[in-house]
2 protein chains.
Amino acid sequence: MTASRITSLDVARLAGVSQSAVSRVFTPGASASDKTTRKVRDAAEALGYRPNILARAIVSGKSRIIGLVVAYLENYFYPEALEKLSNALQREGYHVLVFLTSQKHGEIDDVVGEMLDYQVDGIVFASVGLSSDIAKRCQNAGVPVVLFNRYDDRKDIAAVTSENFEGGRKVAEFLLAGGHDRIAYIAGWKGASTQRDREAGFLAGLTAANRSLHAREVGNFDAEQAKAAARTMFDTPAESRPDALFVANDHMAFVAMDVIRHELGLGIPSDVSVIGFDDVPPAAWLSYNLTTVRQRARRMVEETVKALLAQIECIETTVTRNIAVEAPLIVRGSARIPEGWTDT
Amino acid sequence: MTASRITSLDVARLAGVSQSAVSRVFTPGASASDKTTRKVRDAAEALGYRPNILARAIVSGKSRIIGLVVAYLENYFYPEALEKLSNALQREGYHVLVFLTSQKHGEIDDVVGEMLDYQVDGIVFASVGLSSDIAKRCQNAGVPVVLFNRYDDRKDIAAVTSENFEGGRKVAEFLLAGGHDRIAYIAGWKGASTQRDREAGFLAGLTAANRSLHAREVGNFDAEQAKAAARTMFDTPAESRPDALFVANDHMAFVAMDVIRHELGLGIPSDVSVIGFDDVPPAAWLSYNLTTVRQRARRMVEETVKALLAQIECIETTVTRNIAVEAPLIVRGSARIPEGWTDT
DNA sequence: GTGAAAGCGCTAACAA
DNA sequence: TTGTTAGCGCTTTCAC
């Protein structure tokens with residue numbers, strides 16, 4: 001009973017025109033008289049015809065599919081970004097083929113192969129480091145690539161991030177202005193440019209005030225490791241315990257807050273000020289009420305889409321390789337607010 | 001410089017065989033001699049050939065793409081499910097074309113049209129109610145459909161959910177055993193079968209003990225509305241205030257807990273016991289430590305994939321239409337634990 | 001502006 | 001087992 005698909009030929013016959021006329025009517029840039037157009041549209045309507053995208057893709061070489069590779073969906077920044085990205089692309093007439101993968105190199109390799117098989121028109125890598133090998137494969141296939149929330153050291157590949165360095169620096173300034181003394185940091189995965197930039201900015205901020213880090217642990221953007229890091233850092237005598245903590249992302253900051261408050265019985269911000277990075281939704285939940293640096297997902301997505309389409313449509317007028325979106329400090333209650341502090 | 005794609009013909013020439021021989025080597029069910037296979041594989045390797053999936057799809061009618069429609073990514077149950085689903089499907093050689101949409105009817109309609117354009121081999125609707133019109137369109141197109149975390153009243157369409165009714169009943173029993181007196185419920189969106197079943201089970205549990213609901217508000221699975229619901233419910237004199245609350249999902253439960261604790265200064269579970277549904281990751285975070293009913297995402301995904309593939313591969317041996325996965329109560333600290341309570 | 005015809009890269013009869 | 005051939009549904013010259 002599976003009604004076999006209606007083709008352009010069926011429409012052509014009903015409309016009393018040639019098959020290519022039908023094609024033209026449904027091809028944006030093509031020319032057809034008003035009369036033909038109407039006849040064809042009517043016939044198509046009557047038959048419930050829709051052009052076969054796959055056939056179109058095979059001949060035109062454009063699938064209108066964008067591949068999206070995401071490696072780290074546990075961080076609630078990514079679902080949000082995914083949603084916005086998908087919507088933005090849909091608006092432009094593209095669709096998203098999602099590939100969830102671990103960071104393992106072989107896996108990403110495979111995934112890229114499969115995307116290329118599907119003739120994707122472009123690929124977005126979210127929170128994924130790219131081997132130059134992979135980048136080259138995409139280039140060879142003529143498939144534009146944009147990195148989302150990461151950039152590549154070789155700088156020859158389009159990337160959209162927040163102003164992570166600036167964000168880190170703002171945190172340092174805020175903490176310093178708050179009169180904190182023993183300032184600590186829980187780092188993310190060192191392979192990520194986000195981690196490196198945030199820490200570098202943070203340190204720069206401290207250094208500018210002639211201060212240095214009191215303690216540092218590594219959480220690798222992982223909840224379990226962050227928990228361990230927080231424990232070693234705070235389960236110490238009061239004199240040497242940090243009184244302020246910057247965590248490389250919100251996800252780990254929540255874990256750290258829970259350890260500080262519920263395992264060690266310390267107060268936030270009375271004993272310890274905590275600041276995160278991302279501003280994922282739970283940061284605004286009252287239990288955390290986390291002061292954090294906001295990644296403007298919408299803007300980042302806009303820039304990503306723009307960069308991608310620019311490449312696809314070959315508007316390659318000196319493509320800006322590294323786009324950084326401003327990242328404001330969102331002041332909530334998890335860190336002491338300096339006297340007379342005003343947002344800038 | 002875009003290296004034009006290598007085709008099976010290129011491989012055939014290099015290998016000194018016919019183009020169809022190449023096709024056969026790359027087609028799972030086809031026959032070719034060892035010698036031919038080796039020659040072809042070598043040539044393909046040398047050239048970096050990969051079959052063009054789109055061309056294959058157009059002629060075979062199978063795209064190996066599964067469409068996924070998700071309407072409600074704010075609930076952290078869905079990112080998790082999406083990840084597992086994508087992985088499971090990848091393992092079976094399928095890929096996921098994601099469509100994020102609002103519940104609006106027209107939108108889902110459009111989305112279905114687009115999926116059909118891409119010749120998807122099947123569609124999963126997550127947290128989406130289906131009009132019979134849409135269901136019919138998919139059926140006409142011969143595209144199998146599975147509902148995830150919803151079922152359809154017409155029961156003629158495959159669906160995978162948790163045992164929501166049972167889950168709700170367990171909550172009632174737990175709260176009753178805990179000696180609670182004024183038991184309240186914050187409802188989700190009434191259009192969702194999950195909401196209806198959870199509440200029905202919950203009420204059945206109360207009724208079985210000759211009890212009834214003390215208070216009921218509607219949160220519609222929305223954070224803002226849940227906040228308002230919690231306020232009207234708990235900003236009341238102590239005598240009439242509920243001492244136990246079941247919330248239709250975790251997402252709203254977090255909001256309610258924050259209102260109860262941080263806005264009204266009440267204790268959980270000392271003043272109010274709170275129980276949710278889903279067991280999303282934040283439920284285990286110490287700040288919430290939420291007693292909740294777990295939706296076993298992995299199992300649900302397995303069943304979804306199984307149901308989908310069964311239909312695709314026409315193993316339609318009396319397809320079980322409505323699959324419900326067992327949903328255990330996860331006892332944490334947000335609700336008073338009855339004396340001598342043991343998990344069953 | 002329109003139709004005829006070629007061809008995108010592949011699979012699937014069919015003969016050999 | 002193999003090669004030949006005919007499409008799949010569409011876009012795109014190319015004459016008219």
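What's counted below: heavy atoms across the whole structure, side chains too, no hydrogens, waters or symmetry copies. Order of the sequence lines fixes the chain letters, A, B, ..., with proteins taken first and strands second; residue numbering starts at 1 for each chain.
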Practice item. For the pair B/R64 (side chain) and B/E92 (backbone), establish whether a donor and an acceptor sit closer than 3.5 Å, ignoring hydrogens and angles. Key: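 Confirmed, B/R64 side chain pairs with B/E92 backbone.
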
Review point. Side chain of A/T27, backbone of A/S23: donor and acceptor closer than 3.5 Å?
Key: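 It does hold such a pair.
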
Review point. Roughly how far, to the nearest 0.5 Å, is the CG atom of B/L85 from the CD atom of B/E80?
Key: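 Reported to 0.5 Å precision, the distance equals 12.5 Å.
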
Review point. Is the shortest distance from a Lys or Arg side-chain nitrogen in B/E302 or B/R298 to a carboxylate oxygen in the other one below 4.0 Å?
Key: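 Not counted as a salt bridge, because no side-chain N and carboxylate O are separated by less than 4.0 Å.
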
Check your understanding: Are any of the side-chain nitrogens in B/K306 or B/E303 under 4.0 Å away from the carboxylate oxygens of its partner?
Key ->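 Between B/E303 and B/K306 there is a salt bridge, with a charged N closer than 4.0 Å to a carboxylate O.
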
Check your understanding: Under 4.0 Å between a side-chain N or O of A/S31 and OP1 or OP2 of C/dG1?
Key ->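 Yes.
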
Exercise for review: Would you tell me if any nitrogen or oxygen in the side chain of A/S33 comes within less than 4.0 Å of OP1 or OP2 on C/dG1?
Suggested key: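 Negative; the distance criterion is not met.
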
Point to revise | Between P of D/dG3 and CZ of B/R13, the distance in whole Å | key: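 Rounded to the whole Å, the gap is 14 Å.
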
Check your understanding: Given atom CZ of A/R38 and atom P of C/dG1, what is their separation to the nearest angstrom?
Key ->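 Computing the A/R38:CZ to C/dG1:P distance gives 16 Å.
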
Review point. Can you give one letter per nucleotide of nucleotides 8-16 of chain D, 5' to 3': B if a protein heavy atom sits under 4.0 Å from the base, S if only from the sugar-phosphate, - if neither?
Key: BBBBBB---

Practice item. Measure from NZ or CZ of A/R41 to the centre of the six-membered ring of A/F26, then state whether that distance is under 6.0 Å and the direction lies within 45° of the axis. Key: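 Yes.
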
